[in-house]
K.L.:
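If you scroll down you'll find the structure; I have some questions about it.
Chain naming here is simple, since letters A, B, ... match the order of the sequence lines and numbering starts at 1 in each. Computed from a predicted structure; not experimentally measured.
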Number of protein chains: 2
Amino acid sequence: MSQSTIQQSSVRNGLLAALALADWAHLEPHLEAVELPFDQTVHAAGGPVDAVFFIETGMVSVLVTLEDGAQVESGIAGPEGLLGLALVFGDSHSLTDARVQLEGTALRIGAAAFQAAMDRSPALRALLLRYALAFLGQVTQGGACNARHPIENRLARWLLTAHDRAGADEFPMTHEFMAMMLGVNRPGVSIAAGLLSRAGLIRYVRGRMTITDRPGLEAATCECYHTVRHEYARLLGPRSAAPAASAG
Amino acid sequence: MSQSTIQQSSVRNGLLAALALADWAHLEPHLEAVELPFDQTVHAAGGPVDAVFFIETGMVSVLVTLEDGAQVESGIAGPEGLLGLALVFGDSHSLTDARVQLEGTALRIGAAAFQAAMDRSPALRALLLRYALAFLGQVTQGGACNARHPIENRLARWLLTAHDRAGADEFPMTHEFMAMMLGVNRPGVSIAAGLLSRAGLIRYVRGRMTITDRPGLEAATCECYHTVRHEYARLLGPRSAAPAASAG
DNA sequence: GTTCGTACGTTCGAAATCGAACAAATACTT
DNA sequence: AAGTATTTGTTCGATTTCGAACGTACGAAC
């Protein structure tokens with residue numbers, strides 16, 4: 001456990017910031033600041049989920065691994081949310097990998113302490129269930145998007161989602177990687193990214209992506225981005241829908 | 001409210017059947033038997049969710065409606081589950097339509113009574129959260145499946161999922177309709193269904209689908225069917241993973 | 001028995017995407 | 001400065017899927 005007290009006012013995680021003081025008090029003694037280094041697997045599919053991570057900075061992808069080895073992104077979590085959703089549902093296993101895509105930091109709480117806090121604090125439970133529902137909305141809309149929308153729209157959507165969580169207009173990101181997330185082949189992303197770049201919406205050089213025209217990107221995405229964003233805002237408040245964009 | 005008492009032993013819904021008597025007692029006075037006629041919209045996207053429906057027979061699709069009017073299935077519920085998942089999360093709105101695909105019956109409970117029962121019964125809440133997690137698993141795996149797997153495998157998967165909930169080897173189902181569920185065009189389904197039919201796995205005549213070789217279909221599907229089924233079984237017990245197949 | 005609506009089979013050209021490959025450019029290493 | 005690994009741009013043919021169309025079969029209604 002952490003030796004020193006964490007001040008709620010200094011917490012950058014949207015869920016924790018939304019708690020009343022009494023509910024925060026249930027969690028705080030058990031929270032431990034941890035690093036989320038790039039590419040770390042926070043929890044693995046099939047394995048146990050032994051802690052919840054409230055993300056403070058960075059971005060983590062939730063991934064389904066298919067039989068052929070392909071990993072497809074089903075959702076993204078950032079400073080608006082948490083990892084270890086299975087524990088919110090009272091389970092201790094996950095169908096998905098969680099892998100750090102943009103390095104950052106988190107506050108970690110072990111499964112037992114987390115369950116105890118959930119049991120004692122109805123407000124905490126209610127808040128985290130709303131987050132779970134928002135995440136379900138993200139996965140639901142994303143699934144339909146995968147089935148029907150062309151690569152260019154989906155790429156714009158993914159970039160906006162990443163931008164919301166990156167905390168900056170520029171962040172490291174390769175075509176190869178985005179192709180895997182979207183479940184498409186790499187040249188497909190290169191072509192789509194080329195279109196967005198020629199339209200002046202983004203720039204990229206060797207694994208560094210820069211969002212140069214966010215309103216333009218929002219016009220280039222399918223409605224799925226806006227649908228998910230509105231759902232996050234409705235359930236968790238505007239701050240949690242787009243932590244980076246509204247702060248910066 | 002219903003005038004007469006419903007015996008738990010006669011209930012065909014997997015969730016209700018799994019409840020201890022004390023938890024059942026919280027719900028029973030408020031349950032009302034209702035019909036689920038074909039094509040009925042149980043609740044609509046954006047609209048309020050004013051009741052939970054524990055399905056007894058039949059099958060209901062949970063659908064995302066896209067801007068272009070296309071409706072893509074994100075999940076299916078049958079006698080193993082319920083509709084109105086938003087209420088389990090403490091919310092009262094839904095991102096999705098729920099539409100009856102195979103007619104049946106359900107036990108309905110209004111939102112207020114349902115919330116009260118959830119508040120009073122931790123066991124009920126725990127059970128329904130496990131169902132919510134299983135449903136999230138279905139949506140998650142389905143989204144990845146949409147992104148990567150060819151139509152034929154996805155059709156086999158969908159037929160197996162329907163078979164599990166239909167309670168019979170034969171059920172009404174058109175190509176047109178399956179195409180919409182899978183988010184693909186109709187000839188794509190006709191071709192895929194033709195392959196499955198020539199392989200002797202299914203038969204169909206004018207909107208009547210018959211599963212003739214279930215093990216064969218299970219070999220023709222992608223792993224996504226098995227993954228989801230195992231997750232349902234793990235979280236809810238074997239009965240809920242395949243209510244029809246294990247009963248018949 | 002005829003008519004009509006729906007479901008299905010099939011075709012066709014167009015478009016999107018795939019999968020593999022290779023060249024060019026950039027960063028890192030030595 | 002040279003060598004190496006990685007990232008990106010690009011090509012190309014193959015495959016899948018799309019979207020529209022048309023003909024046929026089945027079943028219900030008159």
K.L.:
If you look at every heavy atom in B/N153 and B/C222, which pair is closest and at what distance?
P.N.:
CB-N, 3.8 Å
K.L.:
Shoot me the first and last contacting nucleotide of DNA chain D against chain B, ordered 5' to 3', at under 4.0 angstrom to non-hydrogen atoms.
P.N.:
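Contacts span D/dT17 to D/dG27, reading 5' to 3'.
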K.L.:
Expressed as a whole number of angstroms, how long is the span from A/R208:CZ to C/dA27:C1'?
P.N.:
13 Å
K.L.:
Taking the nucleotide of DNA chain C with the closest heavy atom to each, which residue, A/P187 or A/R206, is nearer the 5' end?
P.N.:
A/P187
K.L.:
By the 4.0 Å heavy-atom rule, please label A/G188 as base, sugar-phosphate, or nothing.
P.N.:
nothing
K.L.:
When we call it a touch if two heavy atoms are under 4.0 Å apart, what does A/V184 touch: a base, just sugar-phosphate, or nothing?
P.N.:
sugar-phosphate
K.L.:
What integer distance in Å separates B/H149:NE2 from C/dC18:P?
P.N.:
13 Å
K.L.:
Under 6.0 Å between ring centres: does that hold for A/Y204 and A/H175?
P.N.:
yes
K.L.:
Select from A/G207 and A/I191 the residue whose nearest nucleotide in DNA chain D is closer to the 5' end of that strand.
P.N.:
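Per heavy-atom nearest nucleotide, the more 5' residue is A/G207.
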K.L.:
Can you tell me how far the CD atom of A/Q101 sits from the CD1 atom of A/I76, to the nearest 0.5 Å?
P.N.:
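CD1 of A/I76 is found 8.0 Å from CD of A/Q101.
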K.L.:
Specify the separation, in whole Å, of atom CE of A/M209 and atom P of C/dT26.
P.N.:
16 Å
K.L.:
Give the rounded distance in Å between these two atoms: CG of B/L155 and C1' of C/dC8.
P.N.:
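Checked: the CG to C1' distance equals 14 Å.
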K.L.:
Mind calculating the distance between CD (A/E176) and P (C/dC18) to the nearest angstrom?
P.N.:
13 Å
K.L.:
Count the heavy atoms belonging to other residues, nucleotides or ligands that lie under 6.0 Å from CD of A/E170, then report whether that count exceeds 12.
P.N.:
yes
K.L.:
Between P on C/dA7 and CZ on B/R186, what's the gap in Å once rounded to a whole number?
P.N.:
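After rounding, the gap between these two atoms is 10 Å.
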K.L.:
Between B/Y225 and B/D164, do the side chains contain a donor N or O and an acceptor N or O under 3.5 Å apart?
P.N.:
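A donor-acceptor contact under 3.5 Å links the two side chains.
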K.L.:
Let me confirm one number: the CG-CE distance from B/L159 to B/M173, rounded to the nearest 0.5 Å.
P.N.:
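Those atoms lie 8.5 Å apart.
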K.L.:
In terms of relative ring orientation, are A/W158 and A/F177 parallel, tilted or perpendicular, with 30° and 60° separating the classes?
P.N.:
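Perpendicular, since the angle between the ring planes exceeds 60°.
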K.L.:
Could you give the CG-to-P distance, from A/N185 to C/dA21, as a whole number of Å?
P.N.:
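Checked: the CG to P distance equals 14 Å.
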K.L.:
Mind checking if A/S190 touches a base, just sugar-phosphate, or nothing, with heavy atoms under 4.0 Å?
P.N.:
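Base contact.
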